[in-house]
Amino acid sequence: GVGNMGPGSATQLLNTKPTANISLTWVHGNHTTKAGGEMVVEGFPGYNKTYSNAWISFGQPESGLPSTNGQSGLSAQPGFNYASFLLGGVAGQVNGFIGVPSKSRLGNKAMSGFVQDTWKLTRKLSLDYGLRYDFQTYLKEQYGRIAYFSPSAVNPAAGGRLGGVAFEGDGPGHCGCPIAHNYPYAFAPRFGAAYQINSKTVFRGGIGISYYRTAMNGLNSLSTGSQNIYREI
C-alpha cells in the first residue's frame with residue numbers, strides 16, 4: 001500500500017572547482033631554482049527542493065477499527081495505507097510538510113606558494129632545500145545559513161542554559177562571529193639529499209613538513225532548506 005506521497009528528498013548538488021597554478025625554473029651554474037604557486041577555489045552550490053511539494057503520510061489506523069484507536073502491539077494491525085489514502089485520512093493530526101526550494105553554497109579556498117633550490121655540490125652529491133606555504137579556509141556557507149552547535153549560545157528551549165545552535169556571520173539571527181579560525185602559520189620546510197654511491201646506485205633521503213587539505217564535505221549544502229509543518233483542518 002501507499003505509505004507516503006510527495007518528494008521526501010529532491011536535491012541537486014554541484015561541485016565547482018576553478019584552479020590556477022604557475023611555476024618558474026631558473027638554472028644558473030650548479031643551482032636549479034624553482035618557484036611557483038597554486039590556487040583552488042572549491043564550491044558546492046546546492047539546490048534543495050525537498051518538501052517543495054506536499055509530503056503526506058497515510059497510515060493504517062485511519063482505515064482501521066475505531067475501537068483499536070491505533071494502538072500498537074496487536075498481532076495484526078487492521079487498516080490499509082492505500083485505503084486511508086482513498087478516504088483522505090492522513091496519518092495522525094499532522095498532514096505533513098511543505099516548503100519552498102532553497103539555494104545554498106558551501107565553499108573554501110586553498111592558496112599555496114613554494115620556492116626550492118637544487119644545489120649540485122659535486123658530481124656525486126646534490127642537496128635540495130625549500131619552503132612551502134599553505135593557506136586554507138574552512139568550509140563555510142556563503143551567507144551563514146547552516147547552523148552549528150555553540151557551547152556559549154543561550155538555549156531558550158532549555159530554560160536559558162548555555163548550549164544551542166548558532167549561525168555565523170552578521171545580521172539578525174547571526175552570532176556576529178566566525179564558527180572557526182583559519183590557521184595562518186602553515187610554513188613547511190623541506191630538505192633532501194642525493195649521493196651517487198656507484199654507477200648503479202644512488203642514495204636519496206629527505207625530510208619535510210606537509211599540511212593536509214581542510215575538510216570538503218559538500219553534502220552539508222543539503223542541510224539548508226524550508227520545512228514547514230501544516231496541520232489538518
Side-chain angles (χ1 to χ4, degrees), residues 1-20 38-62 80-82 84-86 88-111 135-151 153 155-158 163-183 212-233:
V2 176
N4 301 305
M5 291 187 64
S9 178
T11 58
Q12 182 183 19
L13 180 62
L14 304 176
N15 179 205
T16 60
K17 192 175 181 178
T19 61
E38 181 184 18
M39 180 182 69
V40 178
V41 180
E42 198 92 34
F44 300 96
Y47 184 46
N48 196 334
K49 298 179 285 185
T50 300
Y51 303 126
S52 58
N53 293 317
W55 187 76
I56 306 172
S57 296
F58 298 93
Q60 294 172 288
E62 286 69 33
F80 188 47
N81 305 76
Y82 188 61
S84 300
F85 161 69
L86 294 176
V90 181
Q93 296 299 313
V94 178
N95 274 9
F97 304 88
I98 192 169
V100 297
S102 66
K103 293 182 179 180
S104 62
R105 185 186 182 279
L106 277 167
N108 64 348
K109 302 178 181 67
M111 293 163 283
F135 181 77
Q136 304 174 42
T137 63
Y138 66 92
L139 196 66
K140 61 186 298 184
E141 208 283 322
Q142 61 179 344
Y143 298 119
R145 292 175 293 188
I146 293 182
Y148 297 87
F149 173 76
S150 171
N155 190 341
V165 297
F167 293 86
E168 72 174 328
D170 301 313
H174 294 262
C175 66
C177 61
I179 290 297
H181 297 282
N182 300 311
Y183 184 66
Y212 192 68
R213 287 289 306 272
T214 52
M216 295 182 290
N217 184 11
L219 292 178
N220 282 342
S221 290
L222 306 182
S223 299
T224 62
S226 171
Q227 184 184 105
N228 299 304
I229 299 174
Y230 64 93
R231 296 187 176 275
E232 189 177 18
I233 300 176

Q. Which heavy atom of C177 sits nearest a heavy atom of E168, and at what distance?
A. O-CB, 3.2 Å
Q | S102 side, atom OG; R145 side, atom CZ - distance, nearest 0.5 Å | A | 7.5 Å
**Q.** Over 12 foreign heavy atoms within 6.0 Å of OH, Y212
**A.** no
Q: Taking the side chain as every heavy atom from C-beta outward, state whether V40 and N108 have any pair of such atoms under 4.5 Å apart.
A: no
Q.
To check you understand the geometry: which heavy-atom pair defines the closest contact between P101 and Y47, and what is its length?
A. CB-OH, 3.5 Å
Q: List the atom of F135, the atom of T137, and the distance in Å for their closest heavy-atom pair.
A: CE2-CG2, 3.8 Å
Q: Rounded to the nearest 0.5 Å, what's the gap from CG on L86 to CZ on F80? Could you check?
A: 9.0 Å
(Q) Ignoring hydrogens, what is the shortest heavy-atom contact between N182 and Y138? Give both atom names and the distance. (A) OD1-N, 2.9 Å
Q) Does N155 use its side chain to pair, donor to acceptor, with the backbone of G163 at less than 3.5 Å? A) yes
**Q.** Straight-line distance of E38 CD to T19 OG1, nearest 0.5 Å
**A.** 7.0 Å
Q.
So L13 and F44, do their side chains get closer than 4.5 Å, heavy atoms only?
A. yes
Q: Please name the pair of heavy atoms, one in T16 and one in P18, separated by the smallest distance, quoted to 0.1 Å.
A: C-CD, 3.7 Å
(Q) Any heavy-atom pair between the side chains of R213 and Q136 that's under 4.5 Å? (A) yes
Q) Just how far is it from atom CG of L106 to atom CG of L139, taken to the nearest 0.5 Å? A) 4.5 Å
Q) If only atom types and distance count, is the side chain of R105 paired as donor or acceptor with the main-chain N or O of K140 below 3.5 Å? A) no
**Q.** Shortest non-hydrogen contact from N15 toward E42
**A.** ND2-OE2, 3.1 Å
